[in-house]
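As structure tokens, the structure follows; a few thoughts come after it.
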Amino acid sequence: MQYLLLIYGDESKFDPSLFPEYMSFTDGIKKSGHYIGGNPLQSVKTATSVRMRDGKAAVTDGPFAETREQLGGYYLIEAAHLDEATAIAARIPGAKIGTIEVRPIMPMHPPS
């Protein structure tokens, strides 16, 4: 099953010294066969939100919500079950200073 591991933290407190740990973690899950994809995101200052209201798009600068933690990146992994996915998430360096949200992917099959 595929899981999305969403990395949340206070971007003003991001510690650049974690970068080598991220590289090592990523290499490890690539070697183990769990890695499907992933990327860090640019600053929340670059975010744009789109909402449809009464048939009109409302486009605003900034993230969806004001929170203490912002989405900073993600990994898409393959794991046998939730316990395996959460064990992998716990090894993400950002878990030391933020939150990792683990979400199963809902398969979208093309119509038959």
Side-chain angles (χ1 to χ4, degrees):
M1 176 165 224
Q2 292 184 358
Y3 292 88
L4 190 60
L5 309 181
L6 300 162
I7 305 165
Y8 289 93
D10 181 342
E11 71 178 27
S12 69
K13 296 180 181 173
F14 178 72
D15 182 356
S17 69
L18 290 178
F19 188 74
E21 289 183 52
Y22 270 100
M23 297 307 295
S24 177
F25 170 78
T26 303
D27 288 344
I29 63 172
K30 283 180 177 179
K31 288 177 184 168
S32 69
H34 291 99
Y35 181 86
I36 297 172
N39 285 295
L41 300 175
Q42 291 188 22
S43 169
V44 70
K45 295 173 188 170
T46 67
T48 301
S49 296
V50 179
R51 295 169 182 81
M52 289 299 293
R53 300 295 185 265
D54 300 317
K56 295 179 184 175
V59 179
T60 56
D61 291 337
F64 173 68
E66 295 293 324
T67 63
R68 283 187 266 154
E69 293 185 332
Q70 297 84 38
L71 180 61
Y74 67 92
Y75 285 98
L76 179 60
I77 64 163
E78 181 73 36
H81 44 72
L82 180 61
D83 288 343
E84 183 177 36
T86 57
I88 292 168
R91 297 188 348 243
I92 295 174
K96 297 175 189 175
I97 57 173
T99 303
I100 311 301
E101 181 180 346
V102 178
R103 299 278 298 268
I105 298 294
M106 184 183 306
M108 298 291 289
H109 301 288
S112 305

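Treat the numbers as computed from the prediction; the structure is a model and nothing was measured.
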Exercise for the section: Report whether I105 and M1 are members of the same hydrophobic cluster (ILVMFWY, side-chain heavy atoms less than 4.5 Å apart, transitive linking). Expected result: no

Completion exercise
side chain to side chain contact (heavy atoms under 4.5 Å, CB included) with Y74: of I100, I7, N39, only one passes, and it is N39

Exercise for the section: Take L6 and R103 through the test side-chain contact (heavy atoms from CB on, under 4.5 Å) and record every step on the way to the result. Expected result: CA-CA 8 Å; L6 300 162; R103 299 278 298 268; 4.1 Å; yes

Practice task
Would you give the length of the straight line joining atom OH of Y3 to atom NE2 of H34, rounded to the nearest 0.5 angstrom?
Solution key: 11.0 Å

Exercise for the section: List the steps and the verdict of side-chain contact (heavy atoms from CB on, under 4.5 Å) for I97 and L18. Expected result: CA-CA 10 Å; I97 57 173; L18 290 178; 3.8 Å; yes

Handout entry: Linked, directly or transitively: Y35 and Y22 (ILVMFWY side chains, under 4.5 Å)
Key = yes

Handout entry: Shared hydrophobic cluster, V102 / I77 (ILVMFWY, side-chain heavy atoms < 4.5 Å)
Key = yes

Exercise for the section: Grab the two heavy atoms, one from E69 and one from G98, that are nearest each other, plus how far apart they are. Expected result: OE2-CA, 3.6 Å

Problem - Hydrophobic cluster membership, F25 vs L71, 4.5 Å side-chain cutoff - result: no

Exercise for the section: Specify the closest pair of heavy atoms between S43 and E11, including all atoms of both residues, with the distance to one decimal. Expected result: OG-OE2, 2.8 Å

Problem - Exercise: identify the closest heavy-atom pair between L5 and A85 - result: CD2-O, 4.2 Å

Handout entry: Sidechain-backbone polar pair: S24 side chain, P20 backbone, donor-acceptor under 3.5 Å
Key = no

Practice task
May I ask whether L82 and I29 are part of the same hydrophobic cluster, defined by side-chain heavy atoms of I, L, V, M, F, W, Y residues being less than 4.5 angstrom apart, directly or through others?
Solution key: yes

Completion exercise
OG (S32) and CD (E78) are apart, to the nearest 0.5 Å, by 11.0 Å

Exercise for the section: Please determine if E21 and K96 form a salt bridge, counting it only when a charged side-chain N lies under 4.0 Å from a carboxylate O. Expected result: yes

Exercise for the section: Measure from the side-chain N and O atoms of S49 to the backbone N and O of G62, and report whether any donor-acceptor pair falls under 3.5 Å. Expected result: yes

Practice task
Answer yes if the side chains of Y75 and T26 hold a donor-acceptor pair under 3.5 Å, and no otherwise.
Solution key: yes

Problem - Atom CD of Q42: over 12 foreign heavy atoms under 6.0 Å - result: no

Handout entry: R51 side chain reached by T60 side chain, heavy atoms, under 4.5 Å
Key = yes

Problem - Q2 and I36: CA distance, side-chain angles, deciding distance, side-chain contact (heavy atoms from CB on, under 4.5 Å) verdict - result: CA-CA 9 Å; Q2 292 184 358; I36 297 172; 3.5 Å; yes

